[in-house]
Amino acid sequence: EVQLVESGGALVQAGGSLRLSCVASGFTFDDYAIGWFRQAPGSEREKISCISNNDGSTYYEYSVKGRFTISRDNAKNTVYLQMNSLKPEDTADYYCAADRRGCSTRYFTYWGQGTQVTVSS
């Protein structure tokens, strides 16, 4: 059974930091790009970061670039999203997703259930 399990979401003050984790099972992790998405209330889901399955290249959406860092540990089947200098507008449900076609794909195959991040002002 394929599973992606996010953790690390919490309530944090503006300017604070969080590290989200995404633990994968049920598929060959090394073969998949892993993306982080978020969805705020009343907004569409957006891709904010992604790490490739081959050369480890990364993508960041402009609003998080320089504040968030994505990394992966293939030995642990885990991808991390280090989030620094958090802002109230980062408040959202955060999801990880996996796909063999790489970070440029529009539709990711496997999805986690999400973890909630709330940033207070």
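One-based numbering along the sequence shown. Since this is a predicted model, take the numbers as computed values, not measurements.
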> Donor-acceptor check, side chain of T105 to backbone of G102, threshold 3.5 angstrom: yes or no?
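No, because the side chain of T105 does not come within donor-acceptor range (under 3.5 Å) of the backbone of G102.
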> Does atom CD of Q113 have more than 12 heavy-atom neighbours from other groups under 6.0 Å away?
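Open: at most 12 neighbouring heavy atoms sit under 6.0 Å from CD of Q113.
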> Where do L4 and A24 come nearest, in terms of heavy atoms and distance?
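Minimum heavy-atom contact is CD2-CB, 3.4 Å.
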> Quick one: does any side-chain atom of R101 pair with a main-chain N or O of Y107 as donor and acceptor, under 3.5 Å?
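A pair under 3.5 Å: yes.
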> Can you sort out the partners of N53 under side-chain contact (heavy atoms from CB on, under 4.5 Å), two or more places apart, ordered by chain and number?
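Expected list: A33, R72.
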> Between Y60 and T69, what is the shortest heavy-atom contact and its length?
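For Y60 and T69, the tightest heavy-atom pair comes out as OH-CA, 3.3 Å.
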> Can you tell me how far apart CD (Q13) and OG (S121) are? Round to the nearest 0.5 Å.
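One finds 9.5 Å between CD of Q13 and OG of S121.
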> First locate atom CD of E6, then atom SG of C22, and finally report the distance between them rounded to the nearest 0.5 Å.
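The distance works out to 5.5 Å.
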> Rounded to the nearest 0.5 Å, what's the gap from CG on D31 to CG on N54? Could you check?
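So the gap between those two atoms works out to 10.0 Å.
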> Take V12 and M83 through the side-chain contact (heavy atoms from CB on, under 4.5 Å) test and state the conclusion after the steps.
CA-CA 11 Å; V12 63; M83 307 189 297; over 6 Å; no
> Looking at V64 and I48, what are the two nearest heavy atoms and their distance?
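Nearest pair, atom of V64 first, then I48: CG2-O, 3.5 Å.
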> How many angstroms lie between atom CZ of F68 and atom CG of L86, to the nearest 0.5 angstrom?
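Here the interatomic distance stands at 5.0 Å.
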> In terms of hydrophobic clusters joined by side-chain contacts under 4.5 Å, are V2 and V79 together?
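Yes, same cluster.
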> Please, which pairs that meet side chain to side chain donor-acceptor pair (under 3.5 Å) have at least one residue in residues 39-51, sequence neighbours excluded?
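Checked against side chain to side chain donor-acceptor pair (under 3.5 Å) - neighbours excluded - the pairs reaching residues 39-51 are R38-E46.
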> With hydrophobic residues grouped by side-chain heavy-atom distances under 4.5 Å, do V117 and V23 end up in a single group?
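In one cluster: no.
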> When rounded to the nearest 0.5 angstrom, what distance separates SG in C96 from CD1 in I51?
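Rounded to the nearest 0.5 Å, the SG-CD1 separation comes to 13.0 Å.
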> So which atom in I34 and which in A98 form the shortest heavy-atom distance, rounded to 0.1 Å?
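Minimum heavy-atom separation between I34 and A98: CD1-CB, 3.5 Å.
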> Have S21 and T78 got a donor and an acceptor in their side chains that come within less than 3.5 Å?
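No, T78 and S21 have no side-chain donor paired with an acceptor closer than 3.5 Å.
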> Knowing that exactly one of F108, Y95, Y59 qualifies, which makes a ring pair (Phe, Tyr, Trp, His ring centres under 6.0 Å) with F37?
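Only match with F37 under ring pair (Phe, Tyr, Trp, His ring centres under 6.0 Å): F108.
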> Check T109 against D99 and note the closest heavy-atom contact, atom names and distance.
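In this case the closest contact between T109 and D99 is OG1-OD2, 2.6 Å.
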> Measure the spacing between CG of L20 and CH2 of W36 and express it to the nearest 0.5 Å.
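CH2 of W36 is found 4.5 Å from CG of L20.
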> Under a 4.5 Å side-chain heavy-atom rule over Ile, Leu, Val, Met, Phe, Trp and Tyr, are Y80 and F29 clustered together?
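Looking at the clustering, F29 is in a separate group from Y80.
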> Which pair of heavy atoms, one from S85 and one from S17, lies closest together, and at what distance?
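Heavy-atom minimum between the residues: N-OG, 4.3 Å.
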